[in-house]
Amino acid sequence: MKRPLNPTSRRKRPCRMPRIAAAILLTALTAIAAPKARADEGMWLPSLIGKRIDDMRAKGFRLTAEDIYSVNKASMKDAVVLFNGGCTGELISPEGLLVTNHHCGYGAIQGHSTVEHDYLTHGFWARDRSEELPNEGLWVRRLVRMEEVTDRLAAGETAEKICEEAAEKGRYRTAIEQMYYGNQQFLFVYEQFDDVRLVGAPPSSIGKFGGDTDNWMWPRHTGDFSLFRIYADRENRPAKFSRENVPYRPARYFPVSTKGIREGDFTMIYGFPGNTQQYVTADAVAYVVERSDPMKIDLRTRRLEIISAAQEADAAPRIRYAAKHASIANAWKKWQGELLGLQRLGTVAQKAYETAFARWAADRPEYAHLLDSLRAAYRSATEGYYLQELCNESVKGIELATLAAALKQYAAKPSEALAERIAKLYRDYDPAIDRRVAVEMLRGLEQYHPRPLPEAYTAETTRCKGVEGYAARLFDASAIVRFDAVEPLLRDTAALRAALQREPVLHLVGIFDRGRIPRNLSNLPAVERWYRPYMKALREFDRERPFYPDANLTLRVAYGQVAGYWYADAVYHRPLTTLDGIIAKDDPTVYDYDIPQRLRACHAAKDYGRWSIPTADGGVTVPVCFLATNHTTGGNSGSPVVNADGELVGINFDRTWRSTMSDLQFDPAICRNIAVDIRYVLFTIDRIGGAGHLLKEMELR
Ligand code: ARG
Ligand code: GLU
């Protein structure tokens with residue numbers, strides 16, 4: 001697998017700004033004001049979307065707030081689901097047909113793949129309902145309703161009682177979520193479906209086209225979608241898997257637009273963004289830029305170099321480490337983009353904003369101390385957080401530590417499922433690679449850890465005459481490196497516990513691990529208490545600014561428009577890619593760019609049927625992906641991208657890498673989400689999958 005190195009991945013200068021970025025800095029700085037209301041920024045609560053609807057309509061939206069969210073009638077929210085706890089999906093037919101990303105359905109597709117039926121490689125298309133494949137453990141959740149309960153809680157009602165009442169005797173799942181750092185609480189009521197079957201998936205050479213090379217990049221050409229169907233009982237209620245179940249009839253589904261999109265068109269994204277930290281102070285941003293991101297990127301660069309080298313040398317690790325490599329590289333690349341973006345923006349504007357706030361707060365006793373308190377808290381709190389992050393990226397970057405943790409969990413509570421997971425971890429494990437990683441991770445740990453190092457640690461390195469010796473001992477004195485040794489222990493948990501008592505890697509983890517890491521930089525123990533009053537104060541201070549709560553995996557609306565952006569001086573990135581771009585990248589010798597023969601043949605014959613669009617030079621092509629200005633984050637994968645009339649025009653799956661700074665600061669000049677054009681999805685189903693029958697149940701417009 002060829003892996004062109006990313007421009008910033010050079011080891012020596014992991015966080016230097018390339019020239020291009022420096023050039024953009026100049027252009028962009030002029031476009032950035034203090035963190036005031038910015039076009040297209042925001043992830044809005046659906047039940048409060050009425051407050052944004054005038055702005056949305058001014059930007060082209062033609063529907064109403066009630067069309068987006070309503071408790072009285074079917075609305076768009078009924079067509080959106082949380083897909084398996086980490087992605088979003090949407091209903092696209094009256095018979096429960098659901099679409100999400102290929103990378104979200106990946107586990108299910110992989111689970112059904114065998115050597116004879118390799119659906120990951122060749123794709124899968126159920127020819128009729130009887131061929132749709134059930135997926136143990138896969139679930140989706142629809143929001144039934146949401147409601148602010150701040151006052152009820154303040155009046156003394158308990159969260160348990162509110163939830164129990166809303167659950168309607170176990171019919172629904174409920175949760176109370178904090179918004180604005182606990183200034184407001186919302187009840188969420190969900191209906192969960194557990195019979196979700198695989199209907200279709202393109203071959204990975206379409207669904208994952210470009211692989212890690214193109215990940216977080218534009219121009220992009222990935223057909224990142226897969227199809228599922230929700231099944232329910234005969235009363236249309238959720239039910240465990242059963243052959244008796246019938247396709248779910250949703251209250252709403254998205255009509256699918258075949259008209260396409262153009263630059264400037266209104267877009268809205270409805271989905272479940274996972275985690276952002278939009279209101280943290282300049283000190284927190286500085287921590288990310290100066291300490292956290294550079295350390296994490298460097299340690300992952302070193303880990304990836306070792307894994308990639310092994311993969312290039314040998315076929316076995318290439319396959320065994322493919323998924324691990326992809327997941328290590330995904331965040332690694334994201335942080336690099338985030339760092340570039342944040343460096344470019346700087347904290348100058350933010351500091352000016354905070355100074356203005358401090359001036360405003362000075363004669364308000366309840367707020368006057370807040371920024372000072374936060375600053376002081378950060379001075380001490382970031383140190384502990386940094387050590388936790390360092391432990392995660394170094395010590396826990398050693399796979400042996402992951403294996404040990406899983407075995408420890410098993411020893412405490414053995415289960416069939418966990419044994420299976422452990423066996424799988426070992427199938428994909430190569431101790432020779434891990435030994436090399438361990439040496440590098442200990443070196444990294446020493447390099448980034450403040451002095452003095454913990455005594456328990458230096459005792460080990462002294463005894464073993466250095467990090468190489470210590471790393472070797474982690475393996476040589478271990479009882480869990482090989483599965484043949486572990487397997488009998490899985491049947492004898494007393495012996496397993498005894499073995500783990502002596503396990504050197506657990507001793508190492510024990511020296512550095514401090515338990516669960518806070519969710520983000522506003523949740524550090526010493527800091528957290530100040531954010532609630534700070535947020536309250538900010539909203540009084542800056543009445544013009546439209547505040548929205550941080551993403552927390554609750555349903556949100558983001559709106560914006562289809563738009564390209566200035567990538568560098570004189571280089572404009574247009575917002576739509578086409579099949580011609582896929583053909584230009586096509587290379588059978590490069591794994592990430594080797595497309596299916598059928599797609600080549602389609603292109604050679606220009607056989608696009610109704611999916612063809614004209615090119616500038618009088619030819620025809622097929623649209624593939626597009627860029628828009630919607631504010632999204634992880635969890636928005638698979639989210640519907642709809643046009644001004646609420647019709648599905650795309651499926652969200654990524655951002656450009658420098659956009660990832662929007663998790664802390666949204667910069668309208670460069671922040672863009674990436675969607676697969678729904679016309680490419682339809683083309684692939686129809687022309688590549690030969691599953692045109694699925695189109696018949698959709699409402700194509
Ligand atoms: N960057 C996207 C996300 O954060 C896609 C990841 C999956 N694709 C990949 N090539 N690893 O989830
Ligand atoms: N691929 C991401 C996901 O799984 C979406 C990209 C982003 O972070 O915006 O949700």
Side-chain angles (χ1 to χ4, degrees), residues 1 3-4 6 40-41 43 80-90 100-107 109-110 120 201-202 204-218 220-226 269-278 300 304 307-308 321-338 341 520 550-553 555-556 558 560 585 590-593 625 627-641 650-664 666-667 670-676:
M1 208 185 308
R3 292 175 187 285
N6 200 293
D40 303 337
E41 172 177 357
M43 303 171 167
V80 183
V81 297
L82 175 63
F83 186 89
N84 222 22
C87 282
T88 304
E90 56 274 12
T100 184
N101 288 146
H102 185 266
H103 80 260
C104 298
Y106 200 83
I109 304 164
Q110 184 177 40
L120 271 184
S204 292
S205 52
I206 287 180
K208 216 177 166 326
F209 179 80
D212 282 347
T213 317
D214 284 8
N215 193 21
W216 302 110
M217 302 292 241
W218 189 258
R220 190 65 157 277
H221 299 92
T222 312
D224 198 342
F225 79 95
S226 56
I269 287 193
Y270 213 166
F272 289 88
N275 186 16
T276 61
Q277 31 193 354
Q278 310 286 348
R300 286 203 180 198
L304 287 166
I307 296 173
S308 300
Y321 277 71
K324 274 182 274 196
H325 189 287
S327 110
I328 299 167
N330 192 40
W332 168 75
K333 203 161 174 182
K334 177 186 157 155
W335 291 326
Q336 292 178 62
E338 176 178 271
N520 62 42
D550 270 318
N552 57 0
L553 212 64
L555 189 60
R556 302 298 175 91
K585 283 179 179 171
V590 179
Y591 180 82
D592 285 345
Y593 293 136
C625 290
L627 287 179
T629 60
N630 301 75
H631 190 179
T632 56
T633 189
N636 272 122
S637 273
S639 298
V641 188
I651 304 162
N652 187 68
F653 71 98
D654 211 4
R655 280 173 289 172
T656 63
W657 68 319
R658 275 172 298 185
S659 308
T660 58
M661 63 180 286
S662 69
D663 290 352
L664 292 103
F666 186 90
D667 176 357
I670 57 158
C671 287
R672 299 291 178 271
N673 65 301
I674 304 178
V676 51

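Every number for a ligand or one of its atoms is a count from 1 in the order of the listing. In what follows, residues are counted from 1 in the order of the sequence shown.
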For His102 against Ser204, the heavy-atom pair lying closest together: CE1-OG, 3.7 Å

Within the 3.5 Å criterion, strictly below it, is a donor on [X] or [Y] matched to an acceptor on the partner's side chain?
X	Y	result
Asn520	Asn275	yes
Asn673	Thr632	no
Asp224	His103	yes
Trp657	Asn215	no
Thr656	Ser659	yes

Per-atom contacts, ligand 2 versus [X] - under 4.0 Å to a heavy atom:
X	result
His103	1 (N), 3 (C), 4 (O)
Asn636	10 (O)
Gly635	3 (C), 10 (O)

Who's the nearest protein heavy-atom neighbour of [atom], and how far?
atom	value
atom 2 (C) of ligand 2	Ser637 OG, 2.9 Å
atom 3 (C) of ligand 1	Asn330 ND2, 3.7 Å
atom 11 (N) of ligand 1	Asp212 OD1, 3.2 Å
atom 12 (O) of ligand 1	His103 NE2, 3.4 Å

Mind checking whether Thr660 and Trp335 have side chains closer than 4.5 Å, heavy atoms only? no

Min N/O separation [X] to ligand 2 under 3.5 Å:
X	result
Lys334	no
Gly86	no
Phe653	yes
Arg655	yes

Tell me, please: is Gly211 in heavy-atom contact with ligand 1, that is, under 4.0 Å? yes

Sole candidate of Gln278, Lys334, His631 that passes side chain to side chain contact (heavy atoms under 4.5 Å, CB included) when paired with Asp663: Lys334

For ligand 1, indicate whether the residue Phe653 contacts it via side chain, backbone, both or neither (heavy-atom separation under 4.0 Å). backbone

Given Thr213, Thr633, Asn215, Ile328, identify the one with the heavy atom nearest to atom 8 (N) of ligand 1. Asn215

Interatomic spacing from OG in Ser662 to CZ in Arg672 - rounded to 0.5 Å: 11.0 Å

Classify the ring geometry between His221 and Phe209 as parallel (under 30°), tilted (30 to 60°) or perpendicular (over 60°). perpendicular

Using a 4.0 Å cutoff against the non-hydrogen atoms of Asp654, which atoms of ligand 1 qualify? 1 (N), 2 (C)

Side chain or backbone of Trp216 under 4.0 Å from ligand 2, or both, or neither, by non-hydrogen atoms? side chain

